[in-house]
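Each chain gets a letter, A, B and so on, in the order the sequences are listed, and its residues count up from 1.
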There are 2 protein chains.
Amino acid sequence: MDIIADLGSLAFGSRLKRMSEIGMQSVQDVYVLYGVDFETKDFPLFYYLSQKGEASIMEISEVLKVTHPAVIQTAKGLEKKGLIISKKSAEDARKRNLKLSKKGKNLLPKLEKIWTEIKALNNSIFENQKHNILEALKEIEDVWAEKTYIERFKEFHRIG
Amino acid sequence: MDIIADLGSLAFGSRLKRMSEIGMQSVQDVYVLYGVDFETKDFPLFYYLSQKGEASIMEISEVLKVTHPAVIQTAKGLEKKGLIISKKSAEDARKRNLKLSKKGKNLLPKLEKIWTEIKALNNSIFENQKHNILEALKEIEDVWAEKTYIERFKEFHRIG
DNA sequence: TCAAATTGCGTAACCACTTACGTAATTGTT
DNA sequence: AACAATTACGTAAGTGGTTACGCAATTTGA
């Protein structure tokens, strides 16, 4: 018996959090399996830089939808590992731009192979679902984006 | 554009985490709306005690699938608010049993009303989904429970 | 044109968990 | 009965995010 799952919509947040942790750890296990020194939590930033080339702290913060201190902290870790480098922007002295280092670029092909394999497995899992999780998440995100939850709550229960 | 969502299965963990935070905050807004001094994160423990009556730290830890220090910490907060009380077990001096206090029981009807309203709104959202999120989560949990991700990964890619 | 508002970044403190480790009580084995 | 193994709980430190706040650089607008 899983009381959190049984509670359905009420413990929705707690349930998502728990699944998020399991999901992140699972991917971490794959990096370990291949002996690659890379952390799951760094994936969004590292991947974005691999695609975009170069980006400022705030741009990354907005694209990844995390706060800018989170970006700074993640970047600090990746800089310490030598996977990314940063330099002040020439156009705007307030900005600091991040990009992959040589070492980061060298690691990229190995990571991309792993990412492809993970994607293949996940897709095979998701494709067999009666209720596709990615579709389901997208639908919920759209609902939340259209109107805040609390607004919707007030309307639904005729409050205010 | 939402790069995390676009990445689909690769940023699955990050995405769940973000949604979990939004979901928890949304429910918190409802408590605030009703002027009730209750925190979303305390819901699973408080709810379980309201159903079970009395339970030890480890029992709660197992049922809610969080570590025992997490239970202790959450319980500490609820005790400080006077919503739960605890006493050493008579049968086993190692155990400490938690249960709702008078104040906690008094608050319960108000909370139950709120929970019912949240449930009603959420169900109305979920029922309109083409891909039901609760069903989708359940399917994924079952897949993960059947075999660890890394085992499945090795088999899928014929490794080891 | 120059003062006010805004923007970008950095740091500090906090939050809700986790892992690691220690101690006391109970249980199992012989 | 005694002692080794296990179990329940507590605390400390770590993690990966957050909010709050401050400062310097840029942009706005009277």
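One interatomic measurement links the two molecules: CD of Glu91(B) to C1' of dA25(C), which rounds to 14 Å at whole-angstrom precision. Distance NZ (Lys95(A)) to P (dC23(D)): 23 Å, rounded to an integer number of Å. In this structure, Lys87(A) atom NZ and dC9(C) atom P are separated by 13 Å, rounded to whole Å. Taking atom NZ of Lys76(A) as the reference point, atom C1' of dT11(C) lies 8 Å away to the nearest angstrom. Straight-line distance from the CG atom of Asn97(B) to the C1' atom of dA25(C): 15 Å, rounded to whole Å. Between Leu98(B) atom CG and dA8(D) atom P there is a gap of 14 Å when expressed in whole angstrom units. In this structure, Arg96(B) atom CZ and dA8(D) atom C1' are separated by 11 Å, rounded to whole Å. With rounding to whole Å, Ile72(A) atom CD1 is found 19 Å from dT15(D) atom P.
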In a table with atom names and distances, give each donor-acceptor pair under 3.5 Å that connects a side chain of residues 125-134 of chain A to protein atoms at least two apart or in another chain.
unit_1    : atom_1 : unit_2    : atom_2 : d
Asn128(A) : ND2    : Ser124(A) : O      : 3.0
Gln129(A) : OE1    : Ile133(A) : N      : 2.8
Gln129(A) : NE2    : His131(A) : O      : 3.4
Gln129(A) : NE2    : Ala136(B) : O      : 3.1
His131(A) : ND1    : Asn132(B) : N      : 3.1
Asn132(A) : OD1    : Leu134(A) : N      : 2.9
Asn132(A) : OD1    : Glu135(A) : N      : 3.0
Asn132(A) : ND2    : Phe126(A) : O      : 3.3

In B/S/- notation (B base, S sugar-phosphate only, - none; protein heavy atoms under 4.0 Å), nucleotides 15-22 of chain C written 5' to 3' is -BBBBB--
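For Arg18(B) and dG17(D), the shortest distance from a side-chain N or O to OP1 or OP2 is not below 4.0 Å.
Remark on DNA chain C: of its neighbouring residues Ser56(A) and Asp92(B), the 5'-side contact belongs to Ser56(A), judged by nearest-heavy-atom nucleotide.
Contact annotation for Lys88(A): no contact, since no heavy-atom pair falls under 4.0 Å across all strands.
Judged by atom type and distance alone, Arg94(B) does not reach the base of dT26(C) through any side-chain donor-acceptor pair under 3.5 Å.
Inspection of the Tyr48(B) and Glu59(B) side chains reveals an N or O donor paired with an N or O acceptor under 3.5 Å.
Scored by the ring pair (Phe, Tyr, Trp, His ring centres under 6.0 Å) test, Phe43(B) finds Tyr47(B), Trp115(B) as partners (sequence neighbours excluded). With sequence neighbours left out, the side chain to side chain contact (heavy atoms under 4.5 Å, CB included) criterion links Glu151(A) to Lys147(A), Thr148(A). Annotation: ring pair (Phe, Tyr, Trp, His ring centres under 6.0 Å) contacts of Phe38(B) (sequence neighbours excluded): Tyr31(B), Phe46(B). In this view, Lys110(B) satisfies the salt bridge (charged side-chain N to carboxylate O under 4.0 Å, His left out) rule with no residue, not counting sequence neighbours.
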- Task: Under the salt bridge (Lys or Arg N to Asp or Glu O under 4.0 Å) rule, what do Glu54(B) and Lys87(B) come out as? Steps first, then yes or no, please.
- Result: CA-CA 10 Å; Glu54(B) 190 166 336; Lys87(B) 66 168 202 302; 3.4 Å; yes
